[in-house]
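Everything below concerns the one structure shown next.
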Amino acid sequence: MAKKKILVTGGCGYIGGHTIVDLIENGFDVICVDDLSKGSLRMLHGVEKIVGKTVKNYKVNLCDLEDTEAIFIENPDIVGVVHFAAYKSVPESVREPLKYFRNNINSLVNVLQCAKEYGVQNFVFSSSCSVYGNADELPVNEEAKLKEPESPYARTKQMGEAICADFCVPNKKFNVVLLRYFNPVGAHMSATIGELQEVPENLVPVITQTAIGKRKDMQVYGSDYPTRDGSCVRDYIHVMDIANAHTKALQYMLDGKNTEHCEVFNLGTGQGVTVLELIAAFEKVSGQKLNYKIGARRPGDVVAVYANNNKAATKLGWETKYDLDQMMDTAWRWELYLKREAEKIQLN
Ligand code: WQD
């Protein structure tokens, strides 16, 4: 029987690339569309080393409807779309809100329109725990009231979810799963793919770049929060656990098991970890003493957020397989891999 073909948008990005690995390893055929404005073909080269096959990328800006449509015309056998393509820097979105609304919303609308026109009925949308803002109750479950988003980035995720939900109302055959990621970290166990950010803002790549000497030092943004050690609490989850949830979500819809046309799931471990606890785990796993200072709070940070992940466990049959030490180990091994690759380039 022919393999089911999935279109992954933004597949040259961090979570997109890891999801392509999981989809292929679970028997799907995958094509990618990525305009490479943020992602890199280096991700697909790493994916190909892991899965042993090439993955075609369409270098297309999904804000261009005609170019987007051409992909669906060329691939009439697409049975599902996983939509990652979006800008995701919180500080950049505050500086340039219109760039974020234009890119993140127009691309989503175009892909949904093409899915409808070309009979693709299964759609996974990459959302974020940032839609919860400062949740009133922890762990946060999917029924929690969404708060005012902390950034235009988070607002594009709230709007994206609403657009998907509204789209399902008249399109009765269309199925959507919204996946709200908590804090994706780490890298594939092979350490040949991982997060590629020259100047990261997220905690874990800042830690690994500090430890390897790419950065002189780093700051812990605040140690006076009302938490067990004063630093913020997050739900860090391994990127391969996030990836597998996308495969499970597609299988859930393709098997007709979804009970509603638009369903939302939290993707977290259910455990809250403080910044200082994560640093301690990194130092233990890597054997590196981290050079950090305690600095001022970062505007826009929520004090604590972590998931109630029971719904994804029971309905998708999804469970997390990686613990905090493995998250830190793979993140560190990926940073070491990048250093070796950079040294090879210098030698040539
Ligand atoms: C985590 C904690 C910082 C850097 C992320 C993504 C966002 C969305 C949700 C996907 C905070 C602290 C950080 C540093 C620090 N993801 N920190 N020093 O803010 O939870 O948001 O997850 O949709 O796009 O950004 O993640 O890694 O930036 O911060 O102390 O140098 O680490 O204050 O408490 P955040 P983060």
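Both counts, for ligands and for their atoms, begin at 1 and track the order of listing.
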Between the candidates [options], which shows the shortest non-hydrogen contact distance to [atom]?
atom: atom 10 (C) of ligand 1; options: Tyr225, Tyr153, Tyr14, Tyr181; answer: Tyr153
atom: atom 31 (O) of ligand 1; options: Val305, Val206, Val233; answer: Val206
atom: atom 25 (O) of ligand 1; options: Val90, Val204, Asn202; answer: Asn202

Which ligand 1 atoms does [X] reach within 4.0 Å, using its non-hydrogen atoms?
X: Lys88; value: 24 (O)
X: Val220; value: 30 (O)
X: Ser128; value: 8 (C), 10 (C), 23 (O)
X: Asn183; value: 5 (C), 20 (O), 22 (O), 26 (O), 35 (P)
X: Tyr236; value: 1 (C), 2 (C)

Counting only heavy atoms from other residues, nucleotides and ligands, does the tally under 6.0 Å from NZ of Lys4 exceed 12?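 Open.
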
Qualifying residue for side chain to side chain contact (heavy atoms under 4.5 Å, CB included) with Trp334, from Leu196, Thr192, Thr208: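 Only one of Leu196, Thr192, Thr208 forms a side chain to side chain contact (heavy atoms under 4.5 Å, CB included) with Trp334, namely Leu196.
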
Ligand 1 versus Gln219, non-hydrogen atoms closer than 4.0 Å: side chain, backbone, both, neither?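 Answer for Gln219: backbone.
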
Nearest-contact summary for [atom] - protein heavy atom, Å:
atom: atom 4 (C) of ligand 1; answer: Glu201 O, 3.4 Å
atom: atom 17 (N) of ligand 1; answer: Tyr221 CD1, 3.7 Å
atom: atom 20 (O) of ligand 1; answer: Arg234 NE, 2.7 Å

Is there a polar contact, in the sense of an N or O pair closer than 3.5 Å, between Leu203 and ligand 1?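 For ligand 1, there is an N or O atom that lies under 3.5 Å from one belonging to Leu203.
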
Mind checking whether Arg298 has an N or O less than 3.5 Å away from an N or O of ligand 1?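 Arg298 vs ligand 1: N/O contact under 3.5 Å present.
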
Under 30°, 30 to 60°, or over 60°: which ring-plane class applies to Tyr252 and Phe265, parallel, tilted or perpendicular?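 If you compare the ring of Tyr252 with that of Phe265, the planes turn out perpendicular.
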
